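Letters A, B, ... mirror the listed sequences (proteins, then strands); counts begin at 1. In this text the structure is predicted, and so the values were computed from the model without any measurement.
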Amino acid sequence: MRMSQLFSQTLREAPAEAEVDSHRLLLRAGYVRPLGAGIFSYLPLARRSMTRIETIIREEMDRIGGQEITMPVVHPAALWQETGRWYAIGDELTRFQDRADRDMVLAMTHEEVVADLARKEINSYRQLPLLVYQIQTKWRDEPRSRAGLIRVREFTMKDSYSLDLDEAGLDVQYRAHYQAYFNIYHRCGLPVLAVASDTGMMGGSLAHEYMYLTPIGEDTLLVCEATGYAANREVARFAKPAAAPEAPLPMEKIATPGTTTIDTLAALLNIPKARTAKAVFMVATLLEDQQTVERFVFAVIRGDMEVNERKLANAVQARELRPATEDEIRAIGAVPGYGSPVGVKNCLIVVDDAIPASPNLVAGANEDGYHYRNVNSGRDYTPHVVADIAAARDGDPTPDGRGTLREVRGVEVGNIFKLGTRYTVALNATYLDKDGQAKPIIMGSYGIGVGRLLACLAEHYHDDKGLLLPISIAPYQVHLVLLPGEGMAEVADRVYQALTAAGVEVLYDDRDERAGVKFNDADLIGVPLRLTLSPRALQNGGAEFKRRRDKDSRIVALDDILPTMQAEIAALYAEIRAGVVAVPYR
RNA sequence: CGGGGUGUGGCGCAGCCGGUUAGCGCGCACGCUUUGGGAGCGUGAGGUCGUCGAUUCGAAUUCGACCACCCCGACCA
């Protein structure tokens, strides 16, 4: 490609709104342009990189048996009503009416359509297992886009869907994706970590997220290098310090004026915080028979821990969770600051799983200025739900107790979900087994954000001069810089033709610009190999060759340019291949 | 949705205690000079100062409403 013809301009200065490096550089180097909040045009340079990423994805999906399809972007609302997500999902699902006033949605994901295809096309166990995928534009009206391409509202996503006879089949396809995703990221040159994650609105039983670790990430993770444990904060577990076994003692009311926090309570009574029970008041929105109802949730956790709201929401299967108002708290018979599960009514009591194993705790008395000593779950009150609702924090021990959790930030570049029968039962997608019995198809769904992957690569591969992309996803392999001089253009044209004819992908800077401009643009765009043709280089015996990542250059004779470039490209690809490794499943 | 910020040629910014014809750098076009790390000089094009309304003899400048974008939070399949 001749740069004089390229539809792209570099910018000396980045627009003021760009704050993160990848955003700034992708704008400055002329890869993308904004159209609105979280909406971008992808210019030729970005388009080429994304095509490379998509090619890698296709190869890896095909390798595990995927078949590429394309599903509609606009869906009839009826389908989403059948699975209930029409009601369960908020404004991030864009709804509209067609000319006949029929409700429609813009697709944010395709579980419904896949399950609909399955119920129409699949009849027999002989047709399974199956894996379909597409690479397509998704629209999600996120409340807040941010950080350039990291979080946008319109984006390209590879989504695949597995269909299986049973859980064992699902497990096979899930594990195949687990490794295929690592292959994809490794081939792009992006280091990632697979972490256990929440299944969220997708439903289902098991999920992993692929995280690129970076301080600008919006997810918080808890990881331990020693043990390999890694999980999203939303689901991270940890070994809770056990309470000393003790026979239950009689409950006893004590005066504790002015002690409305765990800190002041523990100090007043001179006991560790682990000997206290903390009350957290929330109101959950639950979905019952397609109706949303609010229920008061009384959460109880030991004083040395904090509640993780996502875990709590999952424990009661809440769609939403919000702090309760003081009036709501008093309405169930509790007193803020002195809350106790003893004697409250009209609420869902959820206790952390460390509570039943912790005897004789100090809890509130639901009376201003008083607490109870020796409160015991099961004896003094009956919890409706016992679950792990404690937040894992930096420094906590790993679940197996052998390591220490560290808190890091990451960007989610992909995820894999075991959906089970969440959608196939709702849509009655079944197959007949060997015995002629109708059984629900078992589903999994798997996603990769292509643009976000590019943004993470830009985030990972850059220096103060610009991008520095891996050969496997750079828009071009060789950046050919022509500097003016008698007959130079003819020489450079010949080199360009020869390389291109041999299949080398060349960005040829034939513009009438000064050397400094060309070198700076080359550094900005980040093509991995650079060739400079100039009178000086020619006098020294050929063209000047430099890798983008190296400081030094060397002269390559004109006749050696093609084999040298081919060898350099092969060497860079070999480096990439060496990084493609099997990752243990966990 | 809550909090904060910013809107002035393509980009970065100044002007804003009301007062000429709205300015600077970069970029863009043309000419001459220059030519290995974002050249110099000259000429020129390009702006209803986010929108609407109010105050005023007079508004980029003051006030109000709205809109857009960015950041933090909530949210996030």
Side-chain angles (χ1 to χ4, degrees), chain A residues 9-20 23-24 27-28 30 33-39 80 83 85 88-93 105 107-112 138-148 150-153 155 157 159 161 197-204 207 209 216-220 232 234 309-310 313 319-323 411-412 414-417 419 422-423 443-449 452 465-466 481-486 488 509 511-524 530 532-540 543-544 546 551 553:
Chain A
Q9 300 260 328
T10 56
L11 302 174
R12 285 208 185 182
E13 291 172 285
E17 73 254 21
E19 292 207 345
V20 305
H23 189 198
R24 224 186 341 254
L27 287 172
R28 280 195 61 208
R33 292 292 181 250
L35 180 62
I39 311 176
W80 287 68
T83 62
R85 287 210 286 188
I89 298 180
D91 287 339
E92 55 271 29
L93 176 65
V105 307
M108 52 167 57
T109 178
H110 282 77
E111 283 76 16
E112 276 79 1
K138 295 278 186 285
W139 170 261
R140 296 180 183 182
D141 197 357
E142 300 280 355
R144 185 176 159 229
S145 52
R146 61 175 288 271
I150 297 287
R151 183 179 168 109
V152 292
R153 295 193 293 167
F155 57 99
M157 183 180 184
D159 42 330
Y161 304 87
S197 72
D198 187 31
T199 50
M201 288 300 299
M202 296 295 263
E209 292 169 341
I216 67 158
E218 46 192 354
D219 285 281
T220 301
N232 196 305
E234 295 170 346
E309 286 189 21
R310 179 58 64 105
R319 183 182 154 188
E320 273 176 54
L321 207 57
R322 63 166 172 86
V411 174
E412 181 187 346
N415 54 37
I416 56 179
F417 285 93
L419 297 176
R422 161 74 179 84
Y423 297 93
M443 268 179 80
S445 92
Y446 317 84
I448 291 181
R452 184 180 276 185
K465 308 216 80 164
V481 177
L482 160 65
L483 297 185
E486 190 65 38
M488 289 316 304
D509 194 345
R511 298 174 303 169
D512 182 19
E513 290 288 353
R514 298 170 64 86
V517 172
K518 294 192 174 194
F519 289 140
N520 278 304
D521 279 351
D523 287 345
L524 195 51
R530 189 181 84 188
T532 304
L533 274 164
S534 67
R536 182 198 289 179
L538 210 54
Q539 217 162 22
N540 289 334
E544 184 185 289
K546 179 183 168 301
K551 255 188 96 138
S553 62

Undergrad: Out of B:G37, B:C70, B:G38, which nucleotide sits closest to the side chain of A:Arg12?
TA: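 Nearest to the side-chain atoms of A:Arg12, counting from C-beta on, is B:G38.
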Undergrad: Measuring only the C1' atom in each nucleotide, how far is B:C63 from B:C16? A whole number of Å is fine.
TA: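 These two C1' atoms come out 14 Å apart once rounded.
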Undergrad: Looking at CZ of A:Phe519 and NZ of A:Lys465, how far apart are the two atoms once the value is rounded to the nearest 0.5 Å?
TA: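 Reported value, rounded in 0.5 Å steps: 10.5 Å.
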Undergrad: Heavy-atom nearest nucleotide on RNA chain B for A:Gln9 versus A:Ala147: which residue maps closer to 5'?
TA: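 Comparing both residues, the 5'-ward one is A:Gln9.
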Undergrad: Side chain of A:Leu524, heavy atoms from C-beta onward: which of B:U35, B:C70, B:G38 has the nearest atom to it?
TA: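 Among the listed nucleotides, the one closest to the side chain of A:Leu524 is B:G38.
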Undergrad: Please work out if A:Ser145 contacts a base, only the sugar-phosphate, or nothing of the nucleic acid, heavy-atom cut-off 4.0 Å.
TA: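 Sugar-phosphate only.
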Undergrad: Just name whichever nucleotide pairs with B:G47, Watson-Crick or G-U, keeping both distances under 3.5 Å, else none.
TA: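 Pair assignment: B:G47 / none.
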Undergrad: Which one, B:C69, B:U35, B:G37, comes nearest to the side chain of A:Ala37?
TA: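 Taking heavy atoms from C-beta onward, the closest nucleotide is B:C69.
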Undergrad: Please report, rounded to the nearest Å, how far the P atom of B:C1 is from the CD atom of A:Glu92.
TA: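 Interatomic distance, CD of A:Glu92 to P of B:C1: 14 Å.
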Undergrad: Both A:Pro484 and A:Leu11 contact RNA chain B. Which one's nearest nucleotide lies toward the 5' end?
TA: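 Its nucleotide being nearer the 5' end, the pick is A:Pro484.
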Undergrad: Which heavy atom of A:Asp91 sits nearest to which heavy atom of A:Asp141, and what is that distance?
TA: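 Smallest interatomic distance, heavy atoms only, reads O-CB, 3.7 Å.
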Undergrad: State whether A:Arg310 places a side-chain N or O below 4.0 Å from either non-bridging phosphate oxygen (OP1 or OP2) of B:C76.
TA: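 Yes, because at least one side-chain N or O of A:Arg310 sits under 4.0 Å from OP1 or OP2 of B:C76.
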Undergrad: Of the options A:Arg514, A:Glu544, A:Lys518, which is the one that meets A:Leu483 in a side-chain contact (heavy atoms from CB on, under 4.5 Å)?
TA: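 When side-chain contact (heavy atoms from CB on, under 4.5 Å) is applied between A:Leu483 and each of A:Arg514, A:Glu544, A:Lys518, only A:Lys518 qualifies.
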Undergrad: Take atom CG of A:Leu27 and atom P of B:C70, then tell me their distance rounded to the nearest Å.
TA: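 Computing the A:Leu27:CG to B:C70:P distance gives 11 Å.
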Undergrad: What integer number of Å spans the C1' atoms of B:G27 and B:C11?
TA: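 So the two C1' atoms sit 7 Å from each other.
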Undergrad: Please report the interatomic distance CG(A:Leu538) to OG1(A:Thr532), rounded to the nearest 0.5 Å.
TA: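 Interatomic distance, A:Leu538 CG to A:Thr532 OG1, rounded to 0.5 Å: 12.5 Å.
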Undergrad: Provide, to the nearest angstrom, the distance between the CG atom belonging to A:Leu321 and the C1' atom belonging to B:C76.
TA: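 Answer to the nearest Å: 16 Å.
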Undergrad: Suppose you measure atom C1' in B:U51 against the same atom in B:A60; what distance do you get, rounded to whole Å?
TA: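 To the nearest whole Å, 14 Å.
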Undergrad: What distance, rounded to whole Å, do you find between the two P atoms, one in B:A29 and one in B:C71?
TA: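 Between the two P atoms, the distance is 32 Å.
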Undergrad: Output the distance between atom OH (A:Tyr446) and atom CG (A:Leu419), rounded to the nearest 0.5 Å.
TA: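 Answer rounded to 0.5 Å: 7.5 Å.
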Undergrad: Of the nucleotides B:G12, B:G37, B:A39, which one has an atom closest to the side chain of A:Pro15?
TA: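 Ranking B:G12, B:G37, B:A39 by closest atom to the A:Pro15 side chain puts B:G12 first.
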Undergrad: Under a 3.5 Å cut-off for both distances, is B:U61 Watson-Crick or wobble paired, and to whom?
TA: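 Per the H-bond distance test, none.
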Undergrad: Using whole Å, what does the distance between atom C1' of nucleotide B:C76 and atom CZ of A:Arg153 come to?
TA: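 Distance check: A:Arg153 CZ to B:C76 C1' gives 14 Å.
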Undergrad: Pairing check on B:C16: which nucleotide meets the Watson-Crick or G-U wobble criteria with it, both distances under 3.5 Å?
TA: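 B:C16 is unpaired by these criteria.
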Undergrad: Give one of base, sugar-phosphate or nothing for A:Arg530, where a contact means two heavy atoms less than 4.0 Å apart.
TA: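 The residue A:Arg530 makes base contact.
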Undergrad: Quick one: which of B:G38, B:G73, B:C76 gets closest to the side chain of A:Arg28?
TA: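 For the A:Arg28 side chain, the nearest candidate turns out to be B:G38.
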Undergrad: Could you tell me whether A:Asn415 contacts a base, only the sugar-phosphate backbone, or nothing, with contacts defined as non-hydrogen atoms closer than 4.0 Å?
TA: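 Touches sugar-phosphate only.
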Undergrad: Could you tell me how far B:U56 sits from B:G15 if I compare only their P atoms? Round to whole Å.
TA: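 One P to the other, the span is 28 Å.
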Undergrad: Find the partner of B:U6: check Watson-Crick (N1-N3 plus N6-O4 or O6-N4) and G-U wobble (N1-O2, O6-N3) distances, both under 3.5 Å, and reply none if neither fits.
TA: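 The answer is B:A68, by the H-bond criterion.
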Undergrad: Can you tell me which nucleotide in B:G37, B:C76, B:G73 comes closest to the side chain of A:Arg144?
TA: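 Selected nucleotide (nearest to the side chain): B:G73.
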Undergrad: Working to the nearest 0.5 angstrom, can you tell me the gap between A:Ile89 CD1 and A:Thr109 OG1?
TA: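 So the CD1 of A:Ile89 and the OG1 of A:Thr109 are separated by 8.5 Å.
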Undergrad: B:C32 and B:G18: how far apart are their C1' atoms, nearest whole angstrom?
TA: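 Per the computed distance, 45 Å lies between those C1' atoms.
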Undergrad: Working to the nearest 0.5 Å, report the span between OG1 of A:Thr83 and CD of A:Glu112.
TA: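 Reported to 0.5 Å precision, the distance equals 3.5 Å.
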Undergrad: Counting the atoms with a prime plus P, OP1 and OP2 as sugar-phosphate, which does A:Ala537 contact under 4.0 Å by heavy atoms, base, sugar-phosphate, or nothing?
TA: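 If one applies the 4.0 Å heavy-atom cut-off, A:Ala537 turns out to touch a base.
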Undergrad: For B:G27, which nucleotide is its Watson-Crick or G-U wobble mate, given both distances must be under 3.5 Å?
TA: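 Base-paired to nothing in any strand shown.
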Undergrad: Using purine N1 to pyrimidine N3 plus N6-O4 or O6-N4 for Watson-Crick, or N1-O2 and O6-N3 for G-U wobble, both under 3.5 Å, which nucleotide pairs with B:G73?
TA: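 When the pairing criteria are applied, B:C1 turns out to be the nucleotide that pairs with B:G73.
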Undergrad: Heavy atoms from C-beta onward define the side chain here; which of B:U35, B:C72, B:C75 lies closest to that of A:Arg514?
TA: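 Among the listed nucleotides, the one closest to the side chain of A:Arg514 is B:U35.
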Undergrad: For the pair made of CZ in A:Arg146 and P in B:C76, what is the distance, rounded to whole Å?
TA: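 That distance rounds to 16 Å.
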Undergrad: Rounded to the Å, how far apart are A:Ile150 CD1 and B:C71 C1'?
TA: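 Atom-to-atom, A:Ile150 to B:C71, this comes out as 15 Å.
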Undergrad: So does A:Thr10 get a backbone contact from the side chain of A:Arg28, meaning a donor-acceptor N/O pair under 3.5 Å?
TA: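 Looks like no, no N/O pair under 3.5 Å.
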Undergrad: Applying a 4.0 Å non-hydrogen cut-off, can you work out what A:Lys465 is touching in the nucleic acid: base, sugar-phosphate, or nothing?
TA: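 Base contact - A:Lys465 has a heavy atom under 4.0 Å of at least one base atom.
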Undergrad: A:Glu19 has an atom CD; how far is it from atom C1' of B:C69, in whole Å?
TA: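 These atoms are roughly 12 Å apart.
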Undergrad: Rounded to whole angstrom units, what separation is found between the CZ atom of A:Arg140 and the P atom of B:C75?
TA: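 Distance, rounded to whole Å: 17 Å.
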Undergrad: As a test of reading the structure: which of B:C76, B:A74, B:C69 is closest to the side chain of A:Pro143, going by heavy atoms?
TA: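 So the side chain of A:Pro143 is nearest to B:A74.
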Undergrad: Answer yes when A:Glu111 and A:Arg422 have at least one side-chain N-carboxylate O distance shorter than 4.0 Å, and no when they do not.
TA: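 A:Arg422 and A:Glu111: not salt-bridged.
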Undergrad: Write down the distance separating the C1' atoms in B:C52 and B:G9, rounded off to the nearest Å.
TA: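 Going atom to atom, C1' in each nucleotide, I get 23 Å.
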Undergrad: Both distances below 3.5 Å, Watson-Crick or wobble geometry, any strand: find the nucleotide opposite B:U35.
TA: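 Base-paired to nothing in any strand shown.
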Undergrad: Could you please name the option among B:A39, B:C76, B:G73 that lies closest to any side-chain atom of A:Val517?
TA: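 Closest of the options to the side chain of A:Val517: B:A39.
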Undergrad: Between the base of B:G38 and the side chain of A:Glu13, is there any donor-acceptor pair under 3.5 Å?
TA: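 A donor-acceptor contact between them is absent.
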Undergrad: Please report the distance separating the P of B:G3 from the corresponding atom of B:G19, rounded so that it comes out in whole Å.
TA: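 It works out to 33 Å between them.
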